[in-house]
Colleague: 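Below: one structure in structure tokens.
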There are 2 protein chains.
Amino acid sequence: MAEQRRVYASGDRVGATVRSGTRRRSAERLSVDRIVAVAIDQMRTHGYDAVTMRSIARELGTGPASLYAHVANRAELDQLVVGRVCALWEIPDPDPERWDAQLRECLISLLGILRAHPGVARCTMGMIPVERGMLAVVERLIGLLKAGEVPDQYIAWFVDVSSLFVGSVAAEEDIWRERMADIGEAPSEEETVVEVREVFSELPVAEFPLLSGMAEAMTTGTGDERFEFGVDVLISGLKALSAAR
Amino acid sequence: MAEQRRVYASGDRVGATVRSGTRRRSAERLSVDRIVAVAIDQMRTHGYDAVTMRSIARELGTGPASLYAHVANRAELDQLVVGRVCALWEIPDPDPERWDAQLRECLISLLGILRAHPGVARCTMGMIPVERGMLAVVERLIGLLKAGEVPDQYIAWFVDVSSLFVGSVAAEEDIWRERMADIGEAPSEEETVVEVREVFSELPVAEFPLLSGMAEAMTTGTGDERFEFGVDVLISGLKALSAAR
DNA sequence: TTGCATAACGAACAGTGTTCGTGTTAGAAC
DNA sequence: GTTCTAACACGAACACTGTTCGTTATGCAA
């Protein structure tokens, strides 16, 4: 039994030696950080729908009930996940000569972050940023918009609109990715495009004179091109409204 | 037993008299239409999360397994729901003098339709419109954008962008509405605004010089105002990009 | 009438988030 | 060191979800 004395790391409880037969089985103490990190990793690897309290607990070597000592429920865990990921969003120091190009890069960068963390965008819907890390990011985004002399009220509303847009694009991509994974043998993006193009070009001309002639345009453009068009629309619109005010 | 002969309505099976003890218990034959109608009604009344195959079946006087003779799965039912609701979206005949104002009205109208059918926006994410009723609506929207001399490629992409934006706004509202309903005693929109404003104005000025001074702007504006700002940004942006091309 | 395809259904499955009761542990106080 | 207590950790179980499977009933064509 002497070999089974408890061993403490400095200031931490990691490494505690577990006596057989006892209730506490985890070799390492649970924490919100560990739970969130595993959730993010599993969302990336398996998609949002595959991540459950059970899958997280399994990887942490415990049962799902143990997670509730650290997170109130699944919804709170989702919000913690978003906070962790969105805190990675970096906003550069504003350059008044090119604030709009900087803004474009930022929105593209946010989509990149969400793409690097598949599934997380699914958690962003309905979230009000009140966590300090995210507020710090919002603060910097506001600085960028002020460099473009955007009126305060428009800044406030544009922060909402643009982040919602990026989040929803990412969420849709997530949904598509998971849907494709479910099918097992996923058609390539190109195959899908060809297929949808056929649907459109085979529509009856009498009933769909415009759409049938626009099969090419409707199916042209990578996801990036479509997204960047949307960002350009948002930024051009903001500039036009600001100038008109 | 003579009173229990089967009675057929004209060309329909409705009204079949059920012999007691038999397996078929429903007084009325199931159909996709009936299932979708009940789903839409329940989403409106109880929110998306409260609608299950069981709740639908219960209202139809049967069991959940019976629904699978008509819809492949829950996902397909969701898509049918969207198709039914979005087919209500009416696009006016285009007036080249005011196509942009018409477009604005259309996007606002779409949000109105989704608001009138709470929960449905939750089903719109990731949906490609291929159903005839929805394609007819897209055809008319394309006509409106052509009246504004928007280039084809921009039309194609704008249809995506704008419907995604409206859908995500509606989805967020749905999520908020359900979250409030879960709390039971929901704070009013005004109370929520006051609360969030306090959070922002009490931020440390040294750390959040911009945000702390923008509490008023960040919390100003009804949901409608915020949404309409977003629509104005999209339309102004589209016009600016089209003109520059 | 018969035969067959499809609708309808109950039972059960596999899975989800969560609660409850209980045992264990960490850390403060003495 | 011991004692006490709050919080962590856990297993069992709950209530619920979407769905499948096997069986029976029904509609419709021949």
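Note that these values count all heavy atoms, side chains included, but never hydrogens, waters or copies made by symmetry. Quick note on labels: first sequence line is chain A, next is B, and so on, each numbered from 1.
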Colleague: Report the distance from atom CG of B:Leu67 to atom P of D:dG18, rounded to the nearest whole Å.
Modeller: 10 Å
Colleague: Applying side-chain hydrogen bond (donor to acceptor under 3.5 Å, both in side chains), can you list everything that pairs with B:Ser212, at least two apart in sequence or on another chain?
Modeller: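 B:Ser212: no side-chain hydrogen bond (donor to acceptor under 3.5 Å, both in side chains) contacts found.
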Colleague: Quick one: label A:Ala69 by what it contacts on the DNA or RNA (base, sugar-phosphate, nothing), any heavy atom closer than 4.0 Å.
Modeller: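 Sugar-phosphate: the residue A:Ala69, judged by heavy atoms under 4.0 Å, touches backbone atoms but no base.
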Colleague: Below 3.5 Å between N/O atoms, which protein atoms pair up with nucleotides 15-17 of chain C? Just atom names and distances, please.
Modeller:
unit_1: C:dG17; atom_1: OP1; unit_2: A:Arg74; atom_2: NH1; d: 2.8
unit_1: C:dG17; atom_1: OP2; unit_2: A:Met53; atom_2: N; d: 3.0
unit_1: C:dG17; atom_1: N7; unit_2: A:Arg54; atom_2: NH1; d: 2.5
unit_1: C:dG17; atom_1: O6; unit_2: A:Arg54; atom_2: NH2; d: 2.8

Colleague: Whether B:Arg122 and B:Asp78 form a salt bridge (side-chain N of Lys/Arg under 4.0 Å from carboxylate O of Asp/Glu) is what I want to check.
Modeller: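 No salt bridge links B:Asp78 with B:Arg122.
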Colleague: Considering only C:dA26, C:dT19, D:dG27, which nucleotide approaches the side chain of B:Arg29 most closely?
Modeller: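 Nearest to the side chain of B:Arg29 among the choices is D:dG27.
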Colleague: What is the separation between atom OH on B:Tyr48 and atom C1' on D:dT17, rounded to the nearest whole Å?
Modeller: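 For the pair B:Tyr48 OH and D:dT17 C1', the rounded distance is 12 Å.
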Colleague: Is there any salt bridge (charged side-chain N to carboxylate O under 4.0 Å, His left out) pair reaching into residues 157-167 of chain A, and which pairs are they, with sequence neighbours excluded?
Modeller: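 Of all non-adjacent pairs touching residues 157-167 of chain A, those that pass salt bridge (charged side-chain N to carboxylate O under 4.0 Å, His left out) are A:Asp160-B:Arg226.
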Colleague: Please name all residues satisfying side-chain hydrogen bond (donor to acceptor under 3.5 Å, both in side chains) with A:His70, sequence neighbours left out, ordered by chain then number.
Modeller: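 For A:His70, no residue satisfies side-chain hydrogen bond (donor to acceptor under 3.5 Å, both in side chains) once neighbours in sequence are set aside.
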Colleague: I need the CD1-P distance between B:Ile35 and D:dG18, as an integer number of Å.
Modeller: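 To the nearest whole Å, that distance equals 13 Å.
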Colleague: For B:Arg54, which residues count as a side-chain hydrogen bond (donor to acceptor under 3.5 Å, both in side chains) partner, sequence neighbours excluded?
Modeller: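 With sequence neighbours excluded, B:Arg54 shows a side-chain hydrogen bond (donor to acceptor under 3.5 Å, both in side chains) to no residue whatsoever.
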Colleague: What residues form a side-chain hydrogen bond (donor to acceptor under 3.5 Å, both in side chains) with B:Glu59, not counting sequence neighbours?
Modeller: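 Applying side-chain hydrogen bond (donor to acceptor under 3.5 Å, both in side chains) to B:Glu59 gives B:Gln42.
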Colleague: Quickly work out the B:His70 NE2 to C:dT6 C1' distance and round it to whole Å.
Modeller: 9 Å
